[in-house]
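Okay, structure first, notes after.
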Amino acid sequence: MADTIDDLWKKYQNYVRRSPDTVGVWESTFRVLSYIIAGRFEDSGVLSELVYSLSNLLIMLNDSILRKAHKLSSSLSLAENTLKSWLAVIEYMEVFLEIAAQRLLGNTGRWVIVVCVQLVKAIFRFMLLMRYKTGIQCSPPVSPLDRSGDLPKTDNKEDIEPDSSTTFTLGSSGREVRSLDSTPVQSFRTWSLPSQPKKKRRGRKQSTPTDLNRSRTLSEALHTARPFIHLLSLYGCGSSSWKPWLLACGTDVISLLLVGNPEDLNPSEKAELNRRTKLLLFYLLRTPCYDRHTRIRLLLLLEMISNNVPLTSIVIRPIMQYIPYWQRVYAYVWTT
């Protein structure tokens, strides 16, 4: 049995190495399928989130296979890389675990799962921050592989350059011309120079994490602790109170302000700060702001578009029906 599994695993690895484009199509198909399933039947939310989570894990697995196959080096230590990989797996699965716990164990079970997941994530993130000095931590922790840029291609016309051994440069004009020895027969002769594959450096240079000063370390610690601040305030004040909303939003804003001028950060850290800034808009979709202010205005806007723009009702009506479920679940994803 073990030999059979090992043989199947090797065949799958070979398939991923040979056909990364085809594998990418399958990954996209799974992701689109998760969107199609949503809202179709009673337990569609659980199944949709499971398919979506598995599609992310599949991409992560295939990226790992391609990195090893093409020897895309990593500057991370084995322990740090393992820690980031497990953190990425937890982030990809956390929404499914929360929804499944709500379905199987009720509201109490759901909150137990939420607390356990956030506790493990916080421990991992603090280890990365304090021990491995990873700087501002991105989400997801393991960046997806840029397969179009990182993997070598041999059939792209842009990846070829003239072969210096079959051409020479004229001294007077500097023009490069073909040598007589490399001239093909007349029936196969063209006006273009002979070409050979261009050697490209595989993989992009990984950005070195920025050394964080005391203010930025506090900023990252606040960002990591924010889910617990929100959970504790929800437990003490209830979900209908403005205090949990204000505490969580204030923590995020203070965390961003403590970073200061981001000019000295590397590109991935700047992109992460930009992502966190945009995600502040999610507070408009969280209770009590959503219930008291956002919901009625959002529904009126969608209703106006559906009634006045031809054919949009085909898309907007299902969205309006799915918004209450989406708001209850996805507006509270703790990574946001």
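As the structure is a prediction and not an experimental result, all values here were calculated from the model.
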Considering residues at least two apart in sequence or located in another chain, which fulfil the side chain to side chain contact (heavy atoms under 4.5 Å, CB included) criterion with P209? E269
What pairs of residues pass the side chain to side chain donor-acceptor pair (under 3.5 Å) test when at least one of them lies in residues 298-318, not counting sequence neighbours? E303-N307, E303-R317, S306-R317, N307-R317
Show me the donor-acceptor pairs within less than 3.5 Å that the side chains of residues 240-248 make with the rest of the protein, sequence neighbours left out.
unit_1: S241; atom_1: OG; unit_2: K243; atom_2: N; d: 3.1
unit_1: W245; atom_1: NE1; unit_2: Y283; atom_2: O; d: 2.8

Residues in side-chain hydrogen bond (donor to acceptor under 3.5 Å, both in side chains) contact with E272, at least two apart in sequence or another chain: R275, R276
K278: partners by salt bridge (Lys or Arg N to Asp or Glu O under 4.0 Å), with sequence neighbours left out: none
If you link ILVMFWY side chains whenever their heavy atoms are less than 4.5 Å apart, which other residues fall into the same cluster as I254? By chain and number, please. L218, L222, L258
Using links of under 4.5 Å between side-chain heavy atoms of ILVMFWY residues, direct or through other members, which residues join V112 in one cluster? none
Would you tell me whether S34 and S48 have side-chain atoms, one donor and one acceptor, within less than 3.5 Å of each other? no
Taking side-chain hydrogen bond (donor to acceptor under 3.5 Å, both in side chains) as the test, write out the residues that go with R216, two or more places apart. D264
Cluster membership besides V25, Ile/Leu/Val/Met/Phe/Trp/Tyr side chains within less than 4.5 angstrom, sorted by chain and number, is none
Under a side-chain separation threshold of 4.5 Å, the hydrophobic residues clustered together with I59 are none
Taking only residues two or more places apart in sequence, or in another chain, which ones meet N81 in a side-chain hydrogen bond (donor to acceptor under 3.5 Å, both in side chains)? none
Residue list, side-chain hydrogen bond (donor to acceptor under 3.5 Å, both in side chains) with N213, at least two apart or on another chain: none
Report the distance from atom OG1 of T108 to atom CG of L105, rounding to the nearest 0.5 Å. 9.5 Å
